[in-house]
Number of protein chains: 2
Amino acid sequence: MSEPLGTVPDEDATPDPDSPEGLGRAASPVTDAAVQRSREPLSRRLVLVNAVGLIDEEGLAALTMRRLGARLGVEAMALYRYVTGREDLLDGIVELLVDDLYGDPDVHMEADVWQEYLQRLAHGVRRLALAHPLVFPVVATRPPAAPWVRPPLRSLRWMESFLEQLQRSGFSDWAAVESYRAFSSFLLGHLLLEVSARGAEISPVEQNPPDTPRRTDLSSYPRLQALEPELSQDHSAEVFDESLEALLDRLEVTRRTR
Amino acid sequence: MSEPLGTVPDEDATPDPDSPEGLGRAASPVTDAAVQRSREPLSRRLVLVNAVGLIDEEGLAALTMRRLGARLGVEAMALYRYVTGREDLLDGIVELLVDDLYGDPDVHMEADVWQEYLQRLAHGVRRLALAHPLVFPVVATRPPAAPWVRPPLRSLRWMESFLEQLQRSGFSDWAAVESYRAFSSFLLGHLLLEVSARGAEISPVEQNPPDTPRRTDLSSYPRLQALEPELSQDHSAEVFDESLEALLDRLEVTRRTR
DNA sequence: ACCTGAACACCGTTCAAGT
DNA sequence: ACCTGAACACCGTTCAAGT
């Protein structure tokens with residue numbers, strides 16, 4: 001399994017009792033200044049990890065420089081030492097998640113069978129998306145660095161590794177590139193769909209009091225009414241696996257076609 | 001072909017020379033007050049159409065209540081008669097585009113062959129995405145009204161029509177719902193991929209002067225370097241069509257499986 | 001009925017100043 | 001080296017007031 005993100009690998013001196021994962025939340029806007037002073041030193045990674053945490057907990061709209069600063073026990077202006085601005089902050093979040101995935105030995109590995117490589121990769125990205133459902137849309141929609149970089153595997157490292165693995169497995173130039181795109185499209189489609197359903201449930205900020213069930217009125221949509229049971233069932237994990245198998249089969253055809 | 005959106009079907013009195021499509025841009029922040037007074041009356045649709053236009057031209061970040069107001073020759077506060085706030089504005093944009101597609105007889109039609117129905121629908125959504133590449137991510141990622149509503153066909157009308165067409169063609173409850181999801185996932189994956197490439201090219205705001213080509217440095221990525229020609233080639237239209245055919249074949253299997 | 005002016009809270013960002 | 005205070009431009013939104 002992958003590390004929960006946030007554990008800074010080096011230096012774990014002074015075990016901090018009030019930040020269980022090593023961090024996650026760094027400082028509450030507490031009145032005790034002594035607590036604030038004993039914070040882990042700021043770093044770009046710490047800033048980005050807390051930005052992810054803020055989105056996870058309160059949605060993308062809650063990610064402001066000022067609130068992120070408060071979460072870290074610091075004024076907003078201090079963040080400009082680690083990010084050049086809010087845009088860079090968002091780019092940094094994407095980079096952090098994608099690079100963390102790259103560093104995860106359960107996800108990124110050379111395999112004798114290319115199918116295993118893609119299986120691990122696909123499930124790794126899926127775990128990422130489900131762990132951060134409110135962040136994944138950002139990974140999916142931020143404009144990439146180059147036009148041929150495709151979300152969600154939007155790093156040159158990942159592309160290089162992906163293409164190398166496939167070519168080593170007998171994919172031609174054309175087939176490898178085609179597979180990169182098909183794989184990206186597959187992940188994007190399935191995971192954004194899955195994450196969007198969760199987004200509708202939790203729907204940030206819109207924490208309406210439970211006295212408002214506000215069920216959609218289906219009276220003029222007989223089919224929807226009849227099919228609501230099927231529509232509400234969730235098979236996403238199985239469907240993901242089956243579709244992934246189907247994709248791998250198609251890629252094997254692509255591979256043999258050269 | 002679908003109407004270019006913005007042409008208000010009723011009332012085309014006083015042909016306005018400076019708004020070729022009937023609207024698109026309504027009023028430039030011009031100093032001539034007389035021109036501003038002769039504006040088309042405000043309406044929710046007009047507000048939404050201009051919001052789309054603003055995103056098309058300058059990106060999502062440029063869509064502020066104040067700038068949208070200025071574009072319409074009005075103060076920002078006037079917009080609150082037609083939208084309850086910025087969130088409702090974004091929801092309205094999505095609804096406008098999706099409903100316009102529903103109203104397009106070239107896209108939404110009953111067909112004797114379900115494959116034709118899905119073909120027209122798929123190409124209609126693709127045209128929408130390519131016509132508004134900076135808006136499509138919003139269509140793709142806004143939280144849906146109900147958890148079982150999936151982007152990009154995120155209206156009850158579309159879902160009802162979709163499911164009805166498939167059931168009329170012999171799909172079981174299960175198969176129809178499964179197909180709705182597979183189709184949604186297909187569109188999302190392919191179109192977001194395609195649109196993200198364009199977003200990287202135009203990249204709103206970032207209109208860097210052409211003296212900064214700033215090509216990505218690939219020196220440490222030999223595969224990327226070698227495959228850059230293939231990576232830069234664009235076959236998206238053909239790939240879309242082929243993948244759509246493959247999907248329809250799979251759905252036919254699903255249909256017969258019951 | 002429809003729009004505006006004034007006001008408020010909050011935002012991103014810069015920069016000189018503090019330690 | 002790292003953070004803050006003050007300041008500025010811009011933002012969403014409310015509301016009483018104008019026509």
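Below, read A as the first sequence line, B as the second, and so on, with proteins coming before strands; counting in each chain starts at 1.
The side chain of Ala78(A) sits closest to dC3(D) out of dT4(C), dT13(C), dC3(D). Which of dG5(D), dA7(C), dC3(C) sits closest to the side chain of Arg66(B) comes down to dA7(C). In this structure, the nucleotide among dG12(C), dC3(D), dC3(C) sitting nearest to the side chain of Tyr80(A) is dG12(C). Side chain of Arg81(A), nearest nucleotide from dT13(D), dC3(D), dC11(C): dC3(D).
Met65(A) places its CE atom 21 Å from the P atom of dA7(D), with the value rounded to the nearest Å. One can place CD of Glu75(B) at 13 Å from P of dG12(D), the figure rounded to the nearest angstrom. The CZ atom of Arg44(A) sits 17 Å away from the C1' atom of dC2(D) (whole-angstrom rounding). Regarding Glu40(A), its CD atom lies at a distance of 15 Å from the P atom of dC2(D), rounded to whole Å. Residue Leu46(A) contributes atom CG, which lies 14 Å from atom P of dC2(D) at whole-angstrom precision. Taking atom CZ of Arg67(A) as the reference point, atom C1' of dA9(C) lies 14 Å away to the nearest angstrom.
Under the 4.0 Å criterion applied to side-chain N and carboxylate O atoms, Asp100(A) and Arg45(A) are assigned as salt-bridge partners. At a threshold of 4.0 Å, the pair Arg44(A)-Asp88(A) counts as salt-bridged, since one of the basic side-chain nitrogens sits closer than that to a carboxylate oxygen. Salt bridge absent: Arg66(A) and Glu75(A) never bring a charged side-chain N and a carboxylate O closer than 4.0 Å. Using a 4.0 Å cut-off between charged side-chain N and carboxylate O, Glu58(A) and Arg67(A) make a salt bridge.
Of all heavy-atom pairs between Ile93(B) and Ala51(B), the closest is CD1-CB, 3.6 Å.
For the segment residues 82-93 of chain B, residues with any heavy atom less than 4.0 angstrom from an atom of DNA chain D are, sorted by number, Gly85(B), Arg86(B).
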### Query
For DNA chain C, what dot-bracket results from Watson-Crick or G-U pairs at under 3.5 Å, with [ ] for crossers and | for inter-strand partners?
||.|||||...|||||.||
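Annotation: cation-pi geometry not satisfied between Arg157(A) and Tyr221(B) (NZ/CZ under 6.0 angstrom from ring centroid, within 45° of ring axis). By the 6.0 Å and 45° rule, Arg150(B) does not stack over the aromatic ring of Tyr180(B).
Ring geometry for Phe186(B) against Phe240(B) counts as tilted: the plane angle lies between 30° and 60°, on a 0 to 90° scale.
Panel note: side chain Trp158(A), backbone Val98(A); a donor-acceptor pair is recorded below 3.5 Å.
Base contact: Met77(A) has a heavy atom under 4.0 Å from a base atom.
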